[in-house]
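Heads up: the structure comes next, in structure tokens.
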Amino acid sequence: MSSSTVITNIAALVTNDPSLGDDSPLGLIQDAAVVIDGDRVAWTGESRKAPATDNRVDAGGRAVLPGFVDSHSHLVFAGDRTQEFNARMSGRSYSAGGIRTTVAATRAASDAELEANLTHYLAEALRQGTTTFETKSGYGLTVEDEARALRLAARHTDEVTFLGAHIVSPDYADDPAAYVALVTGEMLDACAPHARWIDVFCEKGAFDGDQARAILTAGKAKGLHPRIHANQLSYGPGVQLAVELDAASADHCTHLTDADVDALASGDTVATLLPGAEFSTRAEWPDARRLLDAGVTVALSTDCNPGSSFTSSVPFCIALAVRDMGMTPNEAVWSATAGGAAALRRTDIGRIAPGARADLTLLDAPSHVHLAYRPGVPLVSGVWRAGVRVV
């Protein structure tokens with residue numbers, strides 16, 4: 001039998017449901033309480049009105065918000081790229097080519113080494129409040145290595161993405177068309193049973209618009225839903241292709257035309273912004289304000305990967321988004337929770353409302369605004385995932 005727990009004496013509760021609190025998108029409740037029953041939220045409201053439960057936790061005047069939803073990461077890999085980062089910070093520009101270094105290390109690693117690395121970074125993210133994460137293949141680029149990456153990832157999350165189209169495999173450098181045929185044929189057949197999503201890096205140096213369309217269309221035919229690395233390093237067709245194919249998200253969205261913004265505003269594709277990548281490559285920041293003002297749904301995620309964004313910290317990305325991308329603290333928190341859920345087309349996470357999965361983050365601060373106000377400070381003091389306290 002499940003037991004019930006009330007978390008009371010919450011200074012500010014972010015529900016992401018305006019019908020439960022104030023009329024802002026965050027649905028804030030002051031002096032609040034939350035009741036967890038089993039793995040679900042059973043009740044939210046003012047602390048003085050909280051019903052009786054089996055267990056009681058005193059939040060001590062701290063803030064509670066939904067667990068972060070990191071809808072874009074690359075965690076099945078081996079090795080690191082310290083030397084590349086050092087060179088880049090010393091003046092060399094970033095390009096897609098560095099991925100090949102990680103491909104070589106990942107192919108050489110054992111299953112046990114890859115899974116140990118994966119679980120290490122998942123635990124790191126959990127300590128920082130991330131309760132749902134998406135992760136991708138993309139560092140194997142052979143049928144066997146892509147399939148094993150997805151098998152390993154699927155042991156730890158339902159949000160698994162096939163990214164055989166990360167770059168053209170070095171083995172096919174002289175024949176990209178043959179690699180696209182492999183990705184859409186034998187590799188897709190081997191990988192589809194282990195994944196929910198299919199992704200492609202649509203960019204100069206990776207895959208052009210026609211190749212990306214062929215890859216994503218083949219994935220859709222196998223029951224995988226599209227998401228796209230789009231418009232990160234340059235203007236290109238990725239964002240509009242994402243909307244055309246009803247991709248759940250177009251990720252990066254750094255270089256956008258007015259037509260790209262209009263397409264996102266008119267469709268259901270979420271613009272997932274990844275400020276860790278711009279921080280780590282000294283690139284131009286995405287203009288979140290432009291997207292939000294146009295009515296686009298925006299998500300914030302880490303893009304945790306060993307090459308261009310080696311951070312697992314959603315709070316860090318929130319601080320960057322507020323400081324450098326034109327977002328308010330409220331917008332950044334919403335995008336890192338409810339926005340991430342929208343990018344995964346999930347309604348059971350990213351909010352604290354009756355019936356939602358009981359994923360909660362307790363801050364050692366009286367307000368969610370402290371995530372941007374106190375950057376770099378480890379503010380997460382408690383995490384519940386599916387009703388169980390794990391931090």
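What you see below is based on every heavy atom in this structure, not just the backbone, and it leaves out hydrogens, waters and symmetry mates.
- Counting only heavy atoms from C-beta outward, the side chains of Val200 and Val183 never approach each other to under 4.5 Å.
- Of the possible polar contacts, none joining the Ser335 side chain to the Leu300 backbone as a donor-acceptor pair under 3.5 Å is found.
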**OP:** Apply salt bridge (Lys or Arg N to Asp or Glu O under 4.0 Å) to Asp348 and Arg346, showing your working.
**Re:** CA-CA 6 Å; Asp348 60 325; Arg346 297 273 297 272; 2.8 Å; yes

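- Atom CG of Asp158 has 12 or fewer neighbouring heavy atoms from other residues, nucleotides or ligands inside a 6.0 Å radius.
- Between the side chains of Glu84 and Thr101, no donor N or O sits under 3.5 Å from an acceptor N or O.
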Which pairs of donor and acceptor atoms, one on a side chain in residues 186-197, lie under 3.5 Å apart (sequence neighbours left out)?
from   : atom 1 : to     : atom 2 : distance (Å)
Asp189 : OD1    : Lys222 : NZ     : 2.9
Arg196 : NH1    : Glu159 : OE1    : 2.8
Arg196 : NH1    : Glu159 : OE2    : 2.9
Arg196 : NH1    : Leu344 : O      : 3.1
Arg196 : NH2    : Leu344 : O      : 3.4
Trp197 : NE1    : Glu159 : OE1    : 2.8

Sequence neighbours left out, cut at 3.5 Å: what donor-acceptor pairs do the side chains of residues 370-391 make with other protein atoms?
from   : atom 1 : to     : atom 2 : distance (Å)
Ser381 : OG     : Leu362 : O      : 3.4
Arg389 : NE     : Val391 : O      : 2.9
Arg389 : NH2    : Ser381 : O      : 3.3

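- Residue-environment remark: CZ (Phe316) exceeds the threshold of 12 foreign heavy atoms within 6.0 Å.
- Relative orientation of the His72 and His252 rings is perpendicular, given thresholds of 30° and 60° on the angle between their planes.
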**OP:** Carefully, step by step, assess Asn55 and Ser3 under the rule side-chain contact (heavy atoms from CB on, under 4.5 Å).
**Re:** CA-CA 8 Å; Asn55 306 294; Ser3 63; 3.6 Å; yes

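- Scanning for ring pair (Phe, Tyr, Trp, His ring centres under 6.0 Å) contacts around Phe133 gives an empty result, with sequence neighbours left out.
- Ion pairing of Arg148 with Asp145 is present here, as a side-chain N (NZ or NE/NH1/NH2) and a carboxylate O approach within less than 4.0 Å.
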**OP:** Evaluate side-chain contact (heavy atoms from CB on, under 4.5 Å) for Thr102 paired with His74, printing each intermediate quantity in order.
**Re:** CA-CA 11 Å; Thr102 303; His74 304 251; over 6 Å; no

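- Follow the hydrophobic side-chain contacts under 4.5 Å out from Phe207 and you reach Leu182 in the same cluster.
- Criterion: ILVMFWY side-chain heavy atoms under 4.5 Å apart, direct or through other members. Under it, Val314 and Leu26 are part of a common hydrophobic cluster.
- Between the side chains of Thr135 and Ser73, at least one donor N or O lies within less than 3.5 Å of an accepting N or O.
- The hydrophobic cluster around Tyr235 extends to none of the other residues, as no ILVMFWY side-chain heavy atom falls under 4.5 Å of it.
- Formation of a donor-acceptor pair under 3.5 Å by the Ser309 side chain with backbone atoms of Cys304 is not found in this model.
- Note on Ile167: it clusters hydrophobically with Val143, by side-chain heavy-atom contacts below 4.5 Å among ILVMFWY residues.
- Panel note: side chain Ser4, backbone Asp54; a donor-acceptor pair is recorded below 3.5 Å.
- Counted by atom type alone, Thr8 and Ser47 present one or more donor-acceptor pairs between their side chains at under 3.5 Å.
- For the pair Asn231 and Cys253, the minimum side-chain heavy-atom distance is 4.5 Å or more.
- Note on Arg345 versus Asp246: salt bridge recorded, some NZ/NE/NH1/NH2 to OD/OE distance being below 4.0 Å.
- Formation of a donor-acceptor pair under 3.5 Å by the Asp70 side chain with backbone atoms of Thr302 is found in this model.
- The aromatic rings of His166 and Phe201 are tilted relative to each other, their planes meeting at an angle between 30° and 60°.
- Within 6.0 Å of atom CD in Glu144, 12 or fewer heavy atoms from other residues, nucleotides or ligands are found, so the atom counts as exposed in its surroundings.
- Listed by chain and number, the hydrophobic cluster partners of Val35 are Val6, Trp43, where partners are ILVMFWY side chains within reach of under 4.5 Å, directly or through others.
- Of the charged side-chain nitrogens involved, none lies within less than 4.0 Å of a carboxylate oxygen, so that Asp31 and Lys49 do not count as a salt-bridged pair.
- Side-chain contact annotation: Ser308 with Thr281, donor-acceptor N/O pair under 3.5 Å absent.
- Ser249 contributes no side-chain N or O that, together with a main-chain N or O of Asp251, makes up a donor-acceptor pair within less than 3.5 Å.
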**OP:** Verify side-chain contact (heavy atoms from CB on, under 4.5 Å) between Leu363 and Leu65, making sure each step is shown before the conclusion.
**Re:** CA-CA 8 Å; Leu363 300 183; Leu65 62 157; 3.6 Å; yes

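- Checking Thr272 against Arg227 by side-chain atom types alone, no donor-acceptor pair falls below 3.5 Å.
- Side-chain contact of Asn330 with Thr328: a donor-acceptor pair under 3.5 Å is absent, judged by distance alone.
- Side-chain contact annotation: Thr161 with Glu134, donor-acceptor N/O pair under 3.5 Å present.
- Side-chain atoms of Asn16 and Thr337 form a donor-acceptor pair, as typed in the model, at a separation below 3.5 Å.
- Here the rule is side-chain contact (heavy atoms from CB on, under 4.5 Å) with Ile352, and of Leu20, Val64, Ile7, Ile29 only Val64 fits it.
- Remark: Asp364 engages Arg62 in a salt bridge, criterion side-chain N to carboxylate O under 4.0 Å.
- The backbone N or O of Ser280 sits less than 3.5 Å from a side-chain atom of Arg88, completing a donor-acceptor pair.
- Aromatic ring pairs are classed by plane angle as parallel below 30°, tilted from 30° to 60° and perpendicular above 60°; the pair Phe77 and Tyr139 is perpendicular.
- No donor-acceptor distance shorter than 3.5 angstrom exists from the side chain of Glu146 to the backbone of Ser137, with no hydrogens or angles considered.
- With sequence neighbours left out, the salt bridge (charged side-chain N to carboxylate O under 4.0 Å, His left out) criterion links Arg323 to no other residue.
- By the 30° and 60° cut-offs, the orientation of the rings of Tyr172 relative to Tyr179 is tilted.
- Residues Ile318 and Val270 fall into different hydrophobic clusters, defined by Ile, Leu, Val, Met, Phe, Trp and Tyr side chains chained together at heavy-atom separations under 4.5 Å.
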